[in-house]
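A quick write-up on the structure given underneath.
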There are 2 protein chains.
Amino acid sequence: MIKIASTIKDVAKYTGLSIATISKYINGGNVLDKNKQIIDEAIKALDFKVNEIARGLKTNKTMTIGVLIPDFKNIFFTTVVSNIENVLIQNGYSTIICDYKNDNVLEKEKFNFLVNKQVDGIIIIPQGDDVRHIKEHINKNMPLVLVDRALEGVECDTILVDNMNASYNAVEHLITRGHKSIGIICGPDNIFTAVERLKGYMRVHKDYSMKIDESLVKKGDNDVESGYTRLNELLDLQVPPTAVFVTNYEMTLGAIMALNERNIKIPDELSIVGFDNLHMARIVKPSLSIVVQPMEQIGEIAANTILRRLRGDMSNYPSMVRLKTELMINQSVKDLRG
Amino acid sequence: MIKIASTIKDVAKYTGLSIATISKYINGGNVLDKNKQIIDEAIKALDFKVNEIARGLKTNKTMTIGVLIPDFKNIFFTTVVSNIENVLIQNGYSTIICDYKNDNVLEKEKFNFLVNKQVDGIIIIPQGDDVRHIKEHINKNMPLVLVDRALEGVECDTILVDNMNASYNAVEHLITRGHKSIGIICGPDNIFTAVERLKGYMRVHKDYSMKIDESLVKKGDNDVESGYTRLNELLDLQVPPTAVFVTNYEMTLGAIMALNERNIKIPDELSIVGFDNLHMARIVKPSLSIVVQPMEQIGEIAANTILRRLRGDMSNYPSMVRLKTELMINQSVKDLRG
DNA sequence: CTACAATCGTGAAACGTTTCGCTCTACTTT
DNA sequence: AAAGTAGAGCGAAACGTTTCACGATTGTAG
């Protein structure tokens, strides 16, 4: 094994100053200019870097944030996380990322794993079933930020998109193009975003005095398979809808697969609006109209929120940020008017 | 602030035994059965957990692996990482993940960031330009595993797919369906996988005594935009190819977008074989023939390799694993024979 | 019964920082 | 000249573990 890294003791020996003086300088304390110079010289000559393990033992900080997400293969989650990691590393924090694979038991286990790793804070895209481990944690002195899903009874910083109005606007787009029979493929009732998106669908129907046909409301599991299955169920109805709104990316993928297999032409035979993402919208022909979420912004705001809390800035706690989505109108909606 | 977590001192006080005895028991040493029982009782009653910061200061281990990847939005990379994280967490390791955004300077910075965080090992999907920071690191007592790309002059454990034969098989499929004019959209020369995949294209041409038309060889940047641009360039040729092989996922996305915009029918007007992924293959109509990489396996082998090295098992070092890909034949290749 | 060996508990040093309070020096004011 | 004040360096304790070497106890063999 080659040379072990230098420690503050080596810097002290090199400079003739004490460990306390070196530490004071490193941490921004007052030292004489001539001592500053010689300490800098020593640090450079010895290639000294503070041992963050030792520092952590004393300060009880690990300069690490834990991020817990439901699915590493979901480009929405990974885009959010990419932006979180980017902001955090610029502030000297590392990011431990855990994938709980949409499994509530695994979520709790990995949450506890992060706590035991003594991360300084946790950013979580929660599942939403049993949230006791999160609730219990609120009373501890460690910042927690929820992303994408709010949790009932969990009062802490939360970064969301405005799912209800995202849905409202998407379905309104269909309504204003003359569609009266609009199906929805939404997620399960335990997922916050699924519930909110369905509410938007309901609300816009009510606002336009349109009756909701419960047989057009299909609940999936936010995965490709259920998107596929539910789309087929909608099309197998005696009177299928003329349009479908699919409320997440994976189910949108599945719905498109089902349409491809049935050789159904978009938008001639069925109009469709999906959720995410920009690339997929353009490789489906004709290009899909989709709700676009501000993933970069979600990640940045989540990271900056937790950094503020870590700095001791508790103003406006607990905050809830609801970001606007954008409806990207392409060619997958047929105009039934005229 | 509520109660601070218990320390080994509290357990010692509760049991009447010494800190050394508690530590010995925790770490698998011999203690009397009656003492084992009372220590277990104390641990449970006090909800004691070893402080890994303190342990790390003494043992110089952080139980953390750094993972450095080029792009968080790339589903190939994130799927690999998901599997890495899964294996590592089952072995008590946390995973710090950094995204260097295909930027060599950022790669070096984040690599050094991970080193300074004193991770126990690093798994990297390297970019391939300037690899000095990686080379310098090989001589240090910290395991390093390369994934997806080998690096010249860097001798360490490497987990790859057999890119050359993946490409060979894909193009052979086109050749054996009667295609004589086959274009390729491959990545840039500094990316290992791009070079290997182009080699496979060349080799199969040679093996079938087919002349390579250099104008059909287009080099992109492994992103959506260049896939789009290069596909258009191929189709703008005076005599366009009858088939195209695209050697990564993003460029495959871009190529499809270009085909959609030109209203070119697959496979009637152009046959196409892409790289990844399973979902995208089925949402393009007709479904794409694609090369499928064993992402789960790559991740698991990478994680298990680094764990072996961390346990001190240096057998077969440096190892190189080349995994087979699979050619998934769907409906995007026209049979020109007969 | 004695001698030897094995087992197990323990004290305390060490890991590399931070930080508090003390001390010394220099400067200023009376 | 003396007293008071401010600045800066420093010693050493502490953070929470690990681990080594030592001593005491227990068990076994002759």
Side-chain angles (χ1 to χ4, degrees), chain A residues 1 3-43 46-64 92 115-120 141-142, chain B residues 1 3-43 46-64 92 115-120 141-142:
Chain A
M1 188 192 292
K3 180 171 73 78
I4 289 156
S6 304
T7 75
I8 203 166
K9 287 169 181 167
D10 300 308
V11 179
K13 192 169 288 181
Y14 183 108
T15 57
L17 297 163
S18 74
I19 289 165
T21 300
I22 312 298
S23 184
K24 187 166 69 159
Y25 174 59
I26 287 166
N27 289 295
N30 287 329
V31 300
L32 299 177
D33 279 345
K34 73 179 179 72
N35 285 339
K36 283 176 180 173
Q37 284 163 16
I38 194 167
I39 294 170
D40 282 340
E41 178 191 312
I43 287 173
L46 297 166
D47 194 25
F48 167 77
K49 293 179 189 67
V50 176
N51 182 321
E52 291 204 20
I53 301 173
R55 173 179 272 177
L57 182 56
K58 194 66 184 93
T59 62
N60 220 22
K61 293 184 194 315
T62 54
M63 296 304 293
T64 299
V115 171
N116 288 340
K117 284 288 177 176
Q118 291 169 80
V119 293
D120 294 339
N141 198 32
M142 185 209 269
Chain B
M1 187 189 294
K3 181 170 73 77
I4 290 158
S6 304
T7 74
I8 203 165
K9 288 169 178 165
D10 300 307
V11 179
K13 192 170 285 180
Y14 182 109
T15 58
L17 297 163
S18 76
I19 290 166
T21 300
I22 313 298
S23 183
K24 186 165 70 157
Y25 173 60
I26 286 165
N27 289 294
N30 287 329
V31 301
L32 298 175
D33 279 344
K34 74 179 178 72
N35 286 339
K36 283 176 180 174
Q37 283 163 16
I38 194 166
I39 294 169
D40 281 339
E41 178 191 315
I43 288 173
L46 297 165
D47 193 26
F48 168 76
K49 294 179 190 69
V50 175
N51 181 322
E52 291 203 20
I53 301 173
R55 173 178 272 177
L57 181 57
K58 193 69 183 88
T59 62
N60 219 23
K61 294 183 195 314
T62 55
M63 297 302 292
T64 298
V115 170
N116 288 340
K117 284 286 175 178
Q118 291 169 77
V119 293
D120 294 340
N141 199 32
M142 183 208 271

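FYI, side chains are in, hydrogens and waters are out, and symmetry mates aren't considered; it's all heavy atoms of this structure.
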With 3.5 Å as the limit, what N/O pairs link the protein to nucleotides 4-6 of chain D?
none

Between the protein and nucleotides 8-11 of chain C, are there any N/O to N/O pairs under 3.5 Å, and if so, what are the atom names and distances?
from    : atom 1 : to     : atom 2 : distance (Å)
dG9(C)  : OP1    : L32(B) : N      : 3.1
dG9(C)  : OP1    : N35(B) : ND2    : 2.5
dG9(C)  : N7     : K24(B) : NZ     : 3.4
dT10(C) : OP2    : S18(B) : N      : 2.7
dT10(C) : OP2    : S18(B) : OG     : 3.4
dT10(C) : OP2    : T21(B) : OG1    : 3.0

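The CE atom of M142(A) lies 8.0 Å from the CD atom of Q118(A); values are rounded to the nearest 0.5 Å. Put simply, CD1 on I53(A) and OG1 on T59(B) are 7.5 Å apart, with the number rounded to the nearest 0.5 Å. Between the NZ atom of K13(A) and the CD1 atom of I22(A) there is a distance of 12.5 Å, given to the nearest 0.5 Å. Distance check, rounded to the nearest 0.5 Å: CG of D10(B) to CD1 of I43(B) gives 12.0 Å. With rounding to the nearest 0.5 angstrom, the CG atom of N51(B) is 7.0 Å from the CG atom of N60(A). In this structure, the separation between OG1 on T21(B) and CG on N30(B) is 12.0 Å, given to the nearest 0.5 Å.
In this structure, I53(A) places its CD1 atom 18 Å from C1' of dA14(D), rounding to the nearest Å. Atoms NZ (K36(A)) and P (dG9(D)) sit 10 Å apart, rounded to a whole Å. One atom, CD1 of I38(A), and another, P of dG9(D), lie 12 Å apart when rounded to the nearest Å. The distance between atom CD1 of I26(A) and atom C1' of dG9(D), rounded to the nearest whole Å, is 15 Å. Across the protein-nucleic acid pair, I39(A) atom CD1 and dA8(D) atom C1' stand 11 Å apart, rounded to whole Å. Rounded to whole Å, the distance from CD on E52(B) to P on dC15(C) is 21 Å. Counting to the nearest Å, the C1' atom of dT19(D) and the OH atom of Y25(B) are 19 Å from each other. The CG-P distance, from D10(B) to dT17(D), rounds to 9 Å in whole Å.
Axis deviation across the helix from dC1(C)-dG30(D) to dT30(C)-dA1(D) amounts to 50°, comparing end segments of five pairs, rounded to 10 degrees.
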Please list every donor-acceptor pair under 3.5 Å in which a side-chain atom of residues 35-42 of chain A meets a protein atom from a residue at least two apart or in another chain.
from   : atom 1 : to     : atom 2 : distance (Å)
D40(A) : OD1    : Y25(A) : OH     : 2.8
D40(A) : OD2    : Y25(A) : OH     : 3.0
E41(A) : OE2    : Y14(A) : OH     : 2.9

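Among the heavy atoms of the strands lying under 4.0 Å from N27(A) are primed sugar atoms or P, OP1, OP2 only; no base atom is included. Using a 4.0 Å heavy-atom criterion, one finds that K49(A) contacts the sugar-phosphate atoms exclusively.
Checking dT18(C), dT19(D), dG16(D) against every side-chain atom of R55(A), the shortest atom distance belongs to dT18(C). In the set dT18(C), dT19(D), dG16(C), the nucleotide with an atom closest to the side chain of L57(A) is dG16(C).
Counting heavy atoms from C-beta outward, I8(A) and I26(A) have side chains that approach closer than 4.5 Å. Annotation: side chain of E52(A) is not in contact with side chain of T64(A) (no heavy-atom distance under 4.5 Å).
A distance-only check finds a donor-acceptor pair linking the side chain of T15(B) to the backbone of V11(B) [under 3.5 Å].
Residues that satisfy the salt bridge (charged side-chain N to carboxylate O under 4.0 Å, His left out) test with K24(B), not counting sequence neighbours, are absent from this structure.
Using a 4.0 Å cut-off, no side-chain N or O of T59(A) falls inside it from OP1 or OP2 of dT18(C).
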Can you give one letter per nucleotide of nucleotides 22-28 of chain D, 5' to 3': B if a protein heavy atom sits under 4.0 Å from the base, S if only from the sugar-phosphate, - if neither? -------
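In terms of heavy atoms, S18(B) sits closest to A12(B) at C-CB, 4.1 Å. In this structure, K117(B) and T62(A) approach most closely via the heavy-atom pair NZ-O, 3.8 Å.
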